[in-house]
Enquirer: 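Below you will find the structure I want to go over with you.
Note that the structure is a prediction, hence the values are computed from the model and not measured. Chain identifiers are assigned alphabetically (A, B, ...) following the order of the sequence lines, protein sequences preceding nucleic acid strands; residue numbering begins at 1 within each chain.
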2 protein chains.
Amino acid sequence: MTERVAASSGRSGRRKRPTMLDVAREAGVALRTVSRVVNEDPTVGAQLASRVQAAISALGYAPDERAQQLRRGTSGTVGAAVRNLADAHPVLSAVDNAAREAGLAVLAMSTEDDEQRERAAVMSMCRRRVDGIVIEPIGMSHDYLSTELAAGLPLVAVDRPTGGVEADAVLSDNAAGIGMAYRQLALHGHQRIGYIGDDERIFTGRERAAAFRACVAASGGPLDGMTHPGAVSPGRISAALAAVFSGPTPATALITGNAETTIEVLRHLGADAGRVALVGFDDFPLADILRPGLTVVAQNSAVIGRTAIDLLVARSADPARPVQTVTVPVELIARGSGELPPPD
Amino acid sequence: MTERVAASSGRSGRRKRPTMLDVAREAGVALRTVSRVVNEDPTVGAQLASRVQAAISALGYAPDERAQQLRRGTSGTVGAAVRNLADAHPVLSAVDNAAREAGLAVLAMSTEDDEQRERAAVMSMCRRRVDGIVIEPIGMSHDYLSTELAAGLPLVAVDRPTGGVEADAVLSDNAAGIGMAYRQLALHGHQRIGYIGDDERIFTGRERAAAFRACVAASGGPLDGMTHPGAVSPGRISAALAAVFSGPTPATALITGNAETTIEVLRHLGADAGRVALVGFDDFPLADILRPGLTVVAQNSAVIGRTAIDLLVARSADPARPVQTVTVPVELIARGSGELPPPD
DNA sequence: AGCTTGCGGGATAACGTTATCTCACCCTGA
DNA sequence: TCAGGGTGAGATAACGTTATCCCGCAAGCT
């Protein structure tokens, strides 16, 4: 790592920031008048206002939002406790946009799929007195939030419901998505379809595996050895793949339960990836530049994010409104991999 | 979108949050004593402390961090103004982790590559009195920050330097990266190499294009028609590709100047992608599952993020220290696409 | 002229915390 | 018995805003 020290001698040390009082003195008016100008109170005269404005820009004054929040009692911020900040997160982006339109800033924190970190992040948000929290729940139990909820904290769960406490939630239609994937493969001649997905201890893993089993049962297909939920680790994926594609009646097609699994499966299939019919739950960037293109069940992140903020704002306005769960439809995007015929 | 209204009657309305004074009354002690207990001041007696603790948990009290910040004069928060929140952002993740270890929370805001939004985001952070800002600069000029910088705001630019004001910066070694890419292709027999990259109005686009030209000049190769900087739009990429691969001496290999360009190029190449030698600047998830695997020049996001926070903390401790620019090495990851031989 | 009205603008008290100062108290030593 | 120190805990003043109250002043009315 190369370090280059610039010629400049740096800054002039930390001066204290100008406060409203400084502006008032500079403009020769009372403190309260500066406040009025900042808040565009129409009762202040035009030439006096411009004098204050001049003082504001002369001093480079910017109001301290913490003090405003403290005084006003509202923070204008929503917390977003998301699983991951490193990977693509279209829902967070949608939340950010919707929040901005509602005049709210977003305090995003990563939970890294860790229950302790989720709790730490959420409690930190509470201490900051955010106006609401959007959470991708990790843990099974969110009892630690019951006091905050009772105090009126608007909380919206995204992707999975909260456990132990009642809160608004925005979920994707997991069962419908699995159904779409299954029907698409069946439509293209597949009778033996395998499923590899997330751990059933996780809500989405549970819902999708259950939906898959229901599809198989409904179509009268063979059930045993076709459903493989579990943690996303290279070893387990490899074993699951071996199980699905071996035995007397090997699968001819595969449904993967989330993006991570899909990618790990593709990694294992390697050069064979083009030969097996595959539909993945979750779209991801670059799914379209694979050969063949990857057929996916895509969640509608934009709608999910916006709905989450809508629910947050609604609860904020009326803390007593009934708890609501919104299910957002998913969409099948056919790109080729799900339309491959069986080997025969 | 399906809506389901749960049976529950919702919450009990918004109660006011308990304050330190409430705890003091509950425990029958003075306000100041509660503060001492919260801050683990050892001068408070054991049984009194436990009595206060009991009152705290009975009331579900959590200190108001805004008031603490106001009083203490520090916010324990760093702002992160990043280009994008929707796509993968390993640097942000590294910043988040490093900041957490330093006891700082991260207020992440997206600038969406928009100069106005960058400014709005940064000013909003300033109003929140963050202890420092990590920024991926968008605009050419950051003069609007000069007052804040003079007031001692620690500012660290990441990926690109700030314009018009002096600030610490963490940059990748763009020239070395382009050099690595060029040498790798030359090593595998390529003599005519093309470059498609970002607009030269953008710092990284400028640096990388310049480095590429220097490589070509140094190896005595043909320069004209080989360097194609510009905005990343499907139309321009398509035109650039046509230009590079046509004419009397078409290129046999390609360097792409950033991840966006790489992906757009792959999209255009389609089935031919496996036939052209390609090295991309920037690694991205899934680059390894393409066929052939994509050879890339990878930036060290983890080091970049950590260094940014280190610089921030250092400047916070000593506002007068000289401005510093740290250059982080890049790494070539050979996965196949950069090792393809020329067609002959 | 004296009174009301309206309006621009100033003093002051919150908001919830922490820092400084003060004080009451207990224990020790002479 | 009393001085002296150390210790635990309370009163009070900030931090930078905004909200409430109030006042001075000019104009319009009788």
Enquirer: Could you tell me the separation between the CD atom of Gln68(B) and the P atom of dC15(C), rounded to a whole number of Å?
Expert: 18 Å
Enquirer: Atom CZ of Arg72(A) and atom P of dA14(C): how far apart are they, to the nearest Å?
Expert: 20 Å
Enquirer: Hey, which of these two, Leu48(A) or Ala67(B), hits DNA chain C nearer its 5' end, going by closest nucleotide?
Expert: Leu48(A)
Enquirer: Less than 4.0 angstrom from a charged side-chain N to a carboxylate O is my criterion; do Arg127(A) and Asp64(B) meet it?
Expert: no
Enquirer: Counting only side-chain N and O atoms of Ser35(B), is one of them less than 4.0 Å from OP1 or OP2 of dT18(C)?
Expert: yes
Enquirer: Could you tell me whether Arg36(B) contacts a base, only the sugar-phosphate backbone, or nothing, with contacts defined as non-hydrogen atoms closer than 4.0 Å?
Expert: base
Enquirer: With the threshold set at 4.0 Å, does a side-chain nitrogen-carboxylate oxygen contact exist between Arg306(A) and Glu101(A)?
Expert: yes
Enquirer: Give a yes or no answer on whether the side chain of Arg160(B) reaches the backbone of Phe203(B) with a donor-acceptor pair at less than 3.5 Å.
Expert: no
Enquirer: Which is more 5' along DNA chain D, the nucleotide nearest Asp64(A) or the one nearest Thr43(B)? Just name the residue.
Expert: Thr43(B)
Enquirer: Looking at Arg71(A) and dA14(C), is any side-chain donor or acceptor paired with a base atom of the opposite kind under 3.5 Å?
Expert: yes
Enquirer: Starting at the 5' end of DNA chain D and moving along, which residue's nearest nucleotide shows up first, Gly28(B) or Val34(A)?
Expert: Gly28(B)
Enquirer: To the nearest Å, give me how far apart CD1 (Ile56(B)) and P (dT17(C)) are.
Expert: 10 Å
Enquirer: Would you indicate which nucleotide in dT17(D), dG9(C), dG10(D) comes nearest to any side-chain atom of Thr33(B)?
Expert: dG10(D)
Enquirer: Starting from C1' on dA19(C), measure out to CG on Leu70(B) and report it in whole angstrom.
Expert: 14 Å
Enquirer: Report the nucleotide, chosen from dT17(D), dT18(D), dT20(C), that has the shortest atom-to-atom distance to any side-chain atom of Arg129(B).
Expert: dT17(D)
Enquirer: Between Thr19(B) and dG16(C), is there a contact of a side-chain N or O with OP1 or OP2 at under 4.0 Å?
Expert: no
Enquirer: What is the separation between atom CZ on Arg66(A) and atom P on dG16(C), rounded to the nearest whole Å?
Expert: 17 Å
Enquirer: Answer with base, sugar-phosphate or nothing: what part of the nucleic acid does Leu31(B) contact at a heavy-atom distance below 4.0 Å?
Expert: base
Enquirer: Could you state the atom-to-atom distance from CZ of Arg128(A) to P of dC15(C) in whole Å?
Expert: 23 Å
Enquirer: Looking for any heavy atom pair under 4.0 Å, which part of the strands does Val29(A) touch: base, sugar-phosphate only, or nothing?
Expert: sugar-phosphate
Enquirer: Tell me: CE of Met20(A) to P of dG16(D), nearest whole Å?
Expert: 12 Å
Enquirer: Judged by modelled atom types alone, do His142(A) and Glu166(A) share a side-chain donor-acceptor pair under 3.5 Å?
Expert: no
Enquirer: Base, sugar-phosphate or nothing for Ala30(A)? Non-hydrogen atoms, less than 4.0 Å.
Expert: sugar-phosphate
Enquirer: Can any side-chain N or O of Thr77(A) pair as donor or acceptor with the backbone N or O of Ser75(A) at less than 3.5 Å?
Expert: yes
Enquirer: Using whole Å, what does the distance between atom P of nucleotide dA14(D) and atom CG of Leu21(A) come to?
Expert: 12 Å
Enquirer: Could Glu118(A) and Arg83(A) be called an ion pair, given the rule that one side-chain N must be under 4.0 Å from one carboxylate O?
Expert: no
Enquirer: Does dG9(C) have OP1 or OP2 sitting under 4.0 Å from an N or O in the side chain of Arg32(A)?
Expert: no
